[in-house]
2 protein chains.
Amino acid sequence: MVTRTDAPTRREQILKEAARLFAERGFHGVGVDEIGAAVGISGPGLYRHFPGKDAMLAELLVGISGQLLTGAKRRLAEADGDTRPSAVLDSLIEGHIDFALDDRPLITLHDRELDRLRDSDRKLVRQLQRQYVELWVEVVRDVYPGLSEPSARSAVHSVFGLLNSTPHLGRAGTLPGRGATAALLHRMARGAFEAAGEG
Amino acid sequence: MVTRTDAPTRREQILKEAARLFAERGFHGVGVDEIGAAVGISGPGLYRHFPGKDAMLAELLVGISGQLLTGAKRRLAEADGDTRPSAVLDSLIEGHIDFALDDRPLITLHDRELDRLRDSDRKLVRQLQRQYVELWVEVVRDVYPGLSEPSARSAVHSVFGLLNSTPHLGRAGTLPGRGATAALLHRMARGAFEAAGEG
DNA sequence: CAGCGAGGTTAGCGGTCGTTAACCTGATGG
DNA sequence: CCATCAGGTTAACGACCGCTAACCTCGCTG
């Protein structure tokens, strides 16, 4: 993991706050003035960093999908060939959980505001998402050969729903600690796949 | 199940179309003129049936939460006492799946547009949701006594995420049929709880 | 030290949207 | 047969919002 020590750029600040606000109140529910205020500048100042409000959402969504896919490909490559399929699946699950726990606003945006994108951006995001899903499907079918492809795809989407439920888990107060939560989610995901494979 | 034979009232038409549009493009992304057009009347004509756009969303969300809770209570009462706890859980799961498969737009709205409500409405919806969750938590802990209450609550939220993933499953074309999908979701939910209980 | 570009500011334009006002119409019932 | 009312219509208002224009102010750098 590459740990950053330098301060975040203004651009990164903006993206982070925009993600939080979009997740809280929806893309159309947030004004540019609010995003500006959240980083200490006022509305139109944002246009020195982004060509428009849409561009912020686009960059966020493309970034998320890209990160997820890249991470999954890396994990797949690291396990290259010799490892048990089940370990690869565990690695994918772990990666997705890390993401879901560390970037809850992004997880929220990811399946909520996709339709607010320009056509070209939306197509790009969907393509990245599809690749990510297909990658999971192959790994899952490797572990549970009894699953048909449509069933595996449904199962993968459902497990994403399970893992992406993190924003609904109490606001960090009532949670039994990050490690325990991650472990619980991991077990449940495996259990769900297991049960799907027994059809 | 009470089957309706009479035609839907205009009011019901409006709610149904509004739900669909809100789910597709978000509450703020849909104009009253579009909602009107969807039922064959024009924008302001809606105000003969609802005091405002907010009221439609409110009625939808309160209705959903209420239906879910009522259905769950009924199922719990029907199983009263003598049945195995595991059968009660199966009944809850079945009810939730029916809802998730039959009313996808509502499921989408349910966890997406809650923050767009007036304070009083939002409190009401949250209270209904909380009761629904607590009802599940008790049943789950009855079946898996090893689960702590916080873990059970997390597990319930996660399974909701799993079951509510139906809008992401292909648009009825690629799906292996409703029965098969319901069965798959049911198995996965049970598998997830099972795995959670083994912690 | 002049000049310039990066990164702000405020004022304001143009469009959209929720809502209201005023008006119309056809069915209903005394 | 007329009054009423439910359920529409169009016009328009006021607020808000994304974005642009015009201007300002530093910190560099030749």
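Within every chain, numbering begins at 1; the chains are lettered A, B, ... in the order of the sequence lines, protein sequences first and strands thereafter.
Annotation: salt bridge (Lys or Arg N to Asp or Glu O under 4.0 Å) contacts of E198(B) (sequence neighbours excluded): none. Judged as a salt bridge (Lys or Arg N to Asp or Glu O under 4.0 Å), and not counting sequence neighbours, D54(A) has no contacts. With sequence neighbours left out, the side-chain hydrogen bond (donor to acceptor under 3.5 Å, both in side chains) criterion links H186(A) to D90(A).
Phosphate contact (OP1/OP2 of dG8(D), side-chain N/O of R10(B), threshold under 4.0 Å): present.
Sequence neighbours left out, not one pair with a member in residues 35-48 of chain A passes salt bridge (Lys or Arg N to Asp or Glu O under 4.0 Å).
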Kindly list each side-chain donor-acceptor pair under 3.5 angstrom involving residues 14-22 of chain B, sequence neighbours excluded, with atom names and distances?
| from | atom 1 | to | atom 2 | distance (Å) |
| --- | --- | --- | --- | --- |
| E17(B) | OE1 | R20(B) | NE | 3.2 |
| E17(B) | OE1 | R20(B) | NH2 | 2.6 |
| R20(B) | NH1 | E24(B) | OE2 | 3.4 |

Going 5' to 3' through nucleotides 16-25 of chain C and flagging B where a protein heavy-atom sits under 4.0 Å of the base, S where only the sugar-phosphate is that close, and - otherwise, we get --SBB-BB--
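Regarding H49(A), its NE2 atom lies at a distance of 14 Å from the C1' atom of dG5(C), rounded to whole Å. One atom, CE of M56(A), and another, P of dC19(D), lie 8 Å apart when rounded to the nearest Å. Between the C1' atom of dT9(C) and the CD1 atom of I41(A) lies a distance of 10 Å, rounded to the nearest Å. Taking atom CZ of R11(B) as the reference point, atom P of dA6(D) lies 14 Å away to the nearest angstrom.
In this structure, of dT10(C), dT10(D), dG7(C), it is dT10(C) that holds the atom nearest to the side chain of S42(A).
The side-chain tip of K53(B) points at the ring of F27(B) from less than 6.0 angstrom away and within 45° of straight on.
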